[in-house]
Structure formats: structure tokens, C-alpha cells
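Notes to accompany the following structure.
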Amino acid sequence: MTISELNAAYAIPGLVQFEPGQGGLARMAVTAAGGAAHVYLHGAHVTHWQPAGQAPVLWLGRKSWFEPGKPIRGGVPICFPWFGQHPDDPNKPLHGFVRLAEWDVLSVIRQGERGLTATLGTKGSAETEHHTACPFELRYTVTVDEALVLTLEARNVGHEPLTVTEALHSYFCVADVRKITISGLERTTYLDGTDDRRPKEQDNRPITFAGETNRVYLNTQAECRLIDPGLERTITVAKSGSLSTVVWNPWAVRAAAMPDFGDEEWTGMVCIETANAATNAVRVPPGGRRAVQVRVACSKGP
Ligand code: TA6
């Protein structure tokens with residue numbers, strides 16, 4: 001659909017409109033009383049969320065691609081139907097292909113007095129160039145308010161079981177990653193991506209950052225609290241339908257190696273990803289549905 005067609009079908013004056021975003025890609029701009037947001041149809045990618053009375057919460061890279069066929073760096077990329085490298089074919093796109101797809105808008109409705117809910121959809125099937133083992137349909141519901149609630153629902157529309165790994169790969173803005181803490185994952189086993197994915201255990205203290213960090217915490221449904229003394233705020237990340245939490249910061253050397261990541265930008269971001277990865281892969285039976293949800297909130301102070 002063109003931007004005019006999207007506006008004719010879904011715009012709500014004063015609350016939501018469609019517009020050309022960066023790179024000319026179509027995005028939905030939400031200006032609800034509870035919060036503002038941008039959602040690109042490219043990847044159904046939430047790139048911006050600012051709850052009322054707060055600074056922006058999501059980090060977006062200044063050097064991000066905004067091009068068909070390339071992922072956006074920052075916000076909340078949707079990793080599906082595989083997280084990281086494809087299990088059998090390293091030539092397939094990292095983190096799956098739905099973050100590269102153009103999604104359809106299915107509905108846009110007011111949510112209470114102060115919010116808005118938009119639902120987007122896409123499909124993957126063996127007949128497409130994606131060569132997934134099994135066809136599926138996705139619905140992604142984005143609720144913008146004082147909290148940001150994202151729900152990814154997958155339906156297996158094939159005749160075989162569908163095994164997926166996935167993540168809502170949220171990037172958060174921080175004043176300085178070296179000064180934040182993340183609590184909630186104490187005494188949890190993780191695979192250390194900086195050490196050949198060896199299993200390790202988080203001690204009984206919150207996570208702090210002193211170097212490249214790339215961890216898949218397993219078998220955890222815990223809520224995480226990101227305490228940022230520099231921005232004087234706490235971000236809470238609560239989830240359901242997810243047994244893994246991924247924590248990532250590339251640090252200086254890896255950031256410099258990524259063409260779409262500014263050399264100095266790593267200090268201002270951290271990812272806390274609501275995932276089902278590695279041994280937490282999910283099996284969806286034929287005709288079955290499953291959903292993963294994250295709820296992000298932000299409050300002033302520790
Ligand atoms: O979630 C962490 C991670 O899997 C890292 O290994 C790193 O590669 C990151 O995601 C970003 O991946 P991308 O394909 O967006 O560059």
C-alpha cells in the first residue's frame with residue numbers, strides 16, 4: 001500500500017499517521033497521550049518509543065541502514081524463525097528474514113484514553129525464497145502507551161511441526177553502559193557468546209559491563225530491571241512466552257567492525273532481548289499458535 005492508501009485506511013487524526021521515514025521507508029508515527037512511537041513496515045520495526053514525561057527509551061543507531069533487504073540497527077528487530085545463525089545454512093540471513101520483510105498493517109485502534117494498538121502481519125512459506133521448513137503466519141501487536149507492549153504471535157499453517165528460535169531484540173538507550181546494572185538474572189545459567197558459547201552461571205550480583213558481552217540466559221522468565229544512574233531512570237523489561245533473555249553490548253572492537261554501527265555508539269546502548277534461543281527453541285504443532293510478549297516500562301530514579 002502507498003502512504004496515502006495507508007493513511008486513508010488507518011490514520012486517526014492527532015493520534016496516528018503514516019509518513020515517509022528514514023530512507024523513504026513507510027512508517028507509522030504515533031502521538032498518543034501516553035507515549036510517542038515510530039513503527040516501520042519494514043520488519044514491523046519499532047524504532048522509537050518515548051513514554052509521556054520521559055526521554056526516548058529505545059536506542060537507534062545513527063548509521064543504521066534504512067534500505068529494503070537490510071536490517072535496521074536499533075529499536076526492536078524481530079528475530080524469527082531463527083535467532084542468530086540459521087542452524088543448517090550460514091548463508092541464510094542472520095536472525096531470520098522477517099526483520100527484512102515488508103509487513104502489512106492489519107488494524108489500528110485506540111487503546112483506552114491514552115494509548116494506541118496497531119497489529120501488523122506477515123507470512124513465510126516453503127514456496128517463497130525463504131525455504132522455511134514449514135509455512136507460518138505472524139501477527140505482531142504493538143501497544144503504545146506509558147508502557148510499550150509487543151506481542152509476536154506465530155501460527156503454524158503447515159502440516160509438520162514448526163521449530164523456531166526467536167527474539168524481540170530490544171535496544172535500550174543508556175547514558176554509559178559501563179555504569180549501568182541489570183538485575184533479575186542472578187544465579188541463572190547463560191551461554192557466553194564471547195567464549196565459544198560455554199555455559200556459565202551468573203553469580204548472585206546484578207550484571208555490570210566491563211567488556212564485550214553476548215549472553216543467552218536460559219530457562220528464565222524473570223523480569224529485568226536496568227538501572228541507569230546517568231539518565232536517572234529504571235527500565236523494566238517483563239515478559240511472557242519466553243524462556244531465554246539475551247544481553248548484548250558489542251564494546252569497541254566489534255562495534256567498529258560493523259558498518260552500520262558508529263564507532264563510539266556502543267557506550268550508549270544495551271540490548272535486553274526477550275527470546276527463545278538455543279535449548280529453549282519452541283515447537284509449534286500443525287495448526288498450533290504461540291506467542292511471546294514483552295512489556296517495557298520506564299520510571300524516574302533507581
Ligand atoms: O543478540 C546478540 C546478537 O546475536 C549478537 O551476536 C550480535 O550479532 C547481535 O545480535 C546483532 O546482530 P545483527 O545481525 O543485527 O548485527
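Each ligand, and each atom within it, is numbered from 1 in the order the structure gives. What you are looking at is a predicted structure, and each value in this text was computed from that prediction instead of being measured.
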| message | Checking the side chain of Tyr40 only, and the main-chain atoms of Gln22 only, is there a donor and an acceptor separated by less than 3.5 Å? | response | yes

| What residues come within 4.0 Å of ligand 1, counting heavy atoms only? | Arg73, Phe83, Leu94, His95, Arg99, His169, Asn214, Val246, Trp248, Glu273

| task | Before accepting this row, confirm whether a basic side-chain N of the pair Arg27/Glu19 lies closer than 4.0 Å to the acidic partner's carboxylate O. | result | yes

| said: Between Glu265 and Arg73, does any NZ, NE, NH1 or NH2 come within less than 4.0 Å of an OD or OE carboxylate oxygen? | reply: no

| task | Quick one: do Asn276 and Thr165 satisfy side-chain contact (heavy atoms from CB on, under 4.5 Å)? Show the steps, please. | result | CA-CA 5 Å; Asn276 288 298; Thr165 51; 5.8 Å; no

| task | Taking salt bridge (charged side-chain N to carboxylate O under 4.0 Å, His left out) as the test, write out the residues that go with Lys70, two or more places apart. | result | Glu67

| Which one of Lys239, Glu223, Glu273 satisfies the side chain to side chain donor-acceptor pair (under 3.5 Å) criterion with Thr245? | Lys239

